[in-house]
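Notes to accompany the following structure.
No experiment lies behind these values; they were computed from the predicted model shown.
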Amino acid sequence: MAATLSTALDVYFTGHNSDPKRTNFFTKPLWQNPNRKLTIYCKSSKSPPKGTPNLEESGTKNPSLSEQLRPLTRTTISNTTKEESPLLSKPKSIWVNPTKPKRSVLALQRQKRSSYSYNPRVRDLRGFAYKLNASGISEGDFLAALEEMPHPPTGENALLILNSLRPWPKTQLFFNWIKTQNLFPMETIFYNVTMKSLRFGRQFQLVEDLAHEMMNDGIEMDNITYSTIITCARKCNLSHKSVEWFEQMYKTGLMPDEVTYSAILDVYARLGKVEEVLSLYERGRASGWKPDAITFCVLGKMFGEAGDYDGIRYVLQEMKSLDVQPNLVVYNTLLEAMGKAGKPGFARSLFEEMIESGIYPNEKTLTALVKIYGKSRWAQDALELWERMRQSRWPMDFTLYNTLLNMCADLGLVEEAERLFEDMKQSDHCRPDSWSYTAMLNIYGSGGNVEKAMALFEEMPELGTELTVMGCTCVIQCLGKARKFDDLVRVFGISIERGVKSDDRLCGCLLSAVSLCSEGRDENKVLACLQQANPKLVGFVQLLLEERTSFEDVKEEFKGLISNATTEARRPFCNCLIDICRNRNLREKAHELLYLGTLYGLYPGLHNKTGDDWCLDVRSLSVGAAQTALEEWMGTLSRIIQTEETLPDSFSAQTGTGTHKFSQGLANSFASHVKKLAAPFRQSAEKVGCFVATREDLVSWVKSRVPSPAITA
DNA sequence: GTAGGGTTAG
């Protein structure tokens with residue numbers, strides 16, 4: 001197969017420029033580009049059925065879309081940055097050169113389904129299919145039962161049965177049986193129905209086998225066939241296959257209709273290929289296509305995943321200008337997207353707009369909104385919404401209940417969560433499940449309520465609720481902070497017995513517990529747990545604690561350790577390791593680790609310099625790491641002061657405000673460390689969570705204490 | 001699940 005659409009577009013959009021930023025085809029639509037030369041798209045004059053690939057000719061007479069677009073790869077398009085919002089400055093999509101009509105990329109008429117007259121045998125046949133669906137029936141019994149079909153297996157009757165069979169192995173058996181009976185020609189619809197059933201079972205290989213069979217037997221593949229293949233591949237995480245078959249369709253001379261087209265847009269959207277999606281979208285629009293709500297869902301979801309607020313606004317604007325009314329699914333998708341783009345206020349207005357337009361929210365709508373308010377710490381809005389949900393008797397399901405519990409965890413609403421959890425226990429349909437227990441363990445764990453967390457931990461197996469690794473992590477963290485190391489070891493052992501597979505986050509919590517242990521028995525017990533979960537991490541701790549370990553050894557091992565850890569776990573690992581060193585008075589090693597962490601990008605934005613202010617931002621650091629960073633900073637500053645380089649007017653250190661109810665209070669420990677060093681930082685009156693010092697105070701402090709081992713470390 | 005496309009939980 002020729003270059004795929006994605007490779008062609010990759011070249012096109014990146015061109016000679018390696019900058020992957022968004023190109024500005026919105027400000028200058030492709031079809032207004034004078035350099036544009038699209039290969040004339042031509043249908044094969046010969047007559048294999050439309051849609052059936054002719055393997056010898058494919059790629060020559062009917063160019064794929066990527067081949068049509070290939071000349072564009074030579075076009076230079078300037079880049080714009082995201083901040084310029086090219087989406088919003090997009091002019092109307094008007095074809096300006098009528099002498100060279102633009103080649104269409106999709107058929108404007110949706111494929112018509114064949115209409116069938118009412119089959120009076122429908123009840124009998126369905127009933128027969130349901131019997132075949134009964135579980136436990138063997139292949140032999142199944143085939144034997146087919147002899148007792150209540151009506152003769154005409155095409156119409158067979159189709160009705162085929163449509164009612166599930167799961168896929170039965171559909172497949174029946175499909176193969178009708179083929180061997182040879183009673184009527186196998187039309188496209190039989191393949192389409194069978195493929196759909198296979199798709200439910202995520203059997204892409206079987207779907208593809210059927211597609212090849214159609215090609216070999218000269219059976220027409222239509223838009224329904226292709227869209228089923230494309231979505232099946234996508235659902236099986238085989239997006240390259242989706243793209244291949246989409247390309248294949250163009251080569252056979254079959255134009256995608258809007259369903260197939262939006263299916264492929266979804267494939268690209270899920271691959272995060274925003275530029276390709278927008279190019280296809282614009283090409284479709286230029287062909288006279290009026291996208292429907294489903295297409296806008298695809299676009300909205302894509303922009304949400306990218307956290308692209310401008311993109312979401314673009315979708316809303318396009319719907320408005322095309323007079324497409326958003327439906328419930330569109331609203332749900334856009335709400336979710338607004339959350340991902342970090343726009344709780346816009347999500348709130350969109351929700352109100354939806355209600356005003358007369359659309360009732362469903363569970364998914366409310367789940368999206370509750371999640372947004374929780375994550376944004378919008379307690380008042382969250383509680384008001386919750387009250388409104390109760391009063392309006394809006395629908396609830398498991399996900400919504402559990403999202404409400406997670407919202408309570410985010411906002412520190414312990415009593416509300418307990419009430420809700422009790423409601424769930426009393427309910428008929430939404431008894432607390434593994435997610436609910438995990439949420440409650442999170443609430444008790446992060447709130448330091450050891451007794452209640454342990455009670456739930458004990459209760460779970462009695463009710464047959466599965467313990468998740470996250471639930472286990474919450475309990476371990478809670479016990480570590482409470483310094484109940486014997487219980488911690490017991491909980492770890494039980495969790496592993498209960499089938500919890502430890503991950504990097506759990507290891508991070510164990511490592512954090514190690515940092516809280518005093519040297520000796522407790523430490524050894526916790527390290528023994530960690531040894532089971534991640535022996536390399538234990539090896540590294542031991543290396544650190546050995547006196548004679550050189551910086552080079554630490555550096556080498558640290559690199560291996562960090563590159564094996566998941567991205568989210570890397571900084572916590574480094575923070576805990578620094579804490580462990582500081583607790584053992586291995587201050588130099590703590591500084592080495594902070595240096596290495598910075599070197600490997602674990603602390604981006606730690607230092608921020610503007611002309612009149614130098615700022616140390618320790619908000620993502622542990623207590624020990626923050627102290628180390630402060631010392632390091634003071635050391636650097638004293639060297640700068642001694643060499644009499646230019647300094648700003650003020651210095652500041654950000655510890656954060658600790659808005660979260662359960663946060664550790666980094667500010668307090670930072671304040672006491674500043675005091676210990678007698679450094680001239682004061683809590684800022686205007687900015688909470690910010691410590692400030694003037695240049696004069698800092699310079700005189702540095703001069704008064706030089707030389708000091710602490711600041712030259 | 002009515003031959004094909006879109007939305008909820010660390």
Next on the checklist: Base, sugar-phosphate or nothing for A:Asn402? Non-hydrogen atoms, less than 4.0 Å.
Outcome noted: base

Item to check | Touch class at under 4.0 angstrom, heavy-atom based, for A:Ser164 against every strand present | outcome: nothing

Checklist entry - Looking at A:Tyr401, does the NZ or CZ of A:Arg431 lie under 6.0 angstrom from its six-membered ring centre and within 45 degrees of the ring axis? => result no

Checklist outcome for this item: Sequence neighbours excluded, the answer for ring pair (Phe, Tyr, Trp, His ring centres under 6.0 Å) partners of A:Tyr331 is none

Checklist entry - Just checking A:Val329: base, sugar-phosphate only, or nothing, at a heavy-atom cut-off of under 4.0 Å? => result base

Checklist entry - B:dG6 P sits how many Å from A:Lys235 NZ, rounded? => result 4 Å

Next on the checklist: For a quick check, tell me whether the side chain of A:Arg113 and the base of B:dT2 share a donor-acceptor pair closer than 3.5 Å.
Outcome noted: no

Checklist entry - Rounded to whole angstrom units, what separation is found between the CD1 atom of A:Ile372 and the P atom of B:dT8? => result 12 Å

Checklist entry - So does A:Asn332 reach the base of B:dG6 with its side chain, donor to acceptor, closer than 3.5 Å? => result no

Checklist entry - Has the side chain of A:Asn327 got a donor or acceptor that lies under 3.5 Å from a partner of the other kind on the base of B:dG6? => result yes

Checklist entry - So, does the side chain of A:Arg234 form a donor-acceptor pair with the base of B:dG5 at under 3.5 Å? => result no

Checklist entry - Just checking A:Thr194: base, sugar-phosphate only, or nothing, at a heavy-atom cut-off of under 4.0 Å? => result nothing

Checklist entry - Under a 4.5 Å cut-off applied to non-hydrogen side-chain atoms, are A:Leu366 and A:Phe351 in contact? => result yes

Item to check | salt bridge (Lys or Arg N to Asp or Glu O under 4.0 Å) partners of A:Glu258, counting only residues at least two apart | outcome: A:Arg110

Checklist entry - Could you state the CE-P distance from A:Met195 to B:dG5, rounded to the nearest angstrom? => result 14 Å

Item to check | For A:Asn332, all residues meeting side-chain hydrogen bond (donor to acceptor under 3.5 Å, both in side chains), sequence neighbours excluded | outcome: A:Asn362, A:Thr365

Checklist entry - How long is the line joining CG of A:Leu400 and P of B:dT7, in whole Å? => result 19 Å

Checklist entry - To the nearest angstrom, how far is A:Leu335 atom CG from B:dG6 atom C1'? => result 15 Å

What pairs of donor and acceptor atoms, side-chain ones from residues 294-307 of chain A against any protein atom, are under 3.5 angstrom apart with sequence neighbours left out?
unit_1: A:Thr295; atom_1: OG1; unit_2: A:Asp292; atom_2: OD1; d: 3.1
unit_1: A:Glu305; atom_1: OE2; unit_2: A:Lys340; atom_2: NZ; d: 2.9

Checklist outcome for this item: Read 5' to 3' with Watson-Crick or G-U pairs under 3.5 Å, [ ] for crossing pairs and | for partners on another strand, DNA chain B gives ..........

Checklist entry - Can a donor-acceptor pair under 3.5 Å be found between the side-chain atoms of A:Thr333 and the base atoms of B:dT7? => result no

Checklist entry - How would you list, by chain and number, every residue that makes a ring pair (Phe, Tyr, Trp, His ring centres under 6.0 Å) with A:Phe142, sequence neighbours excluded? => result none

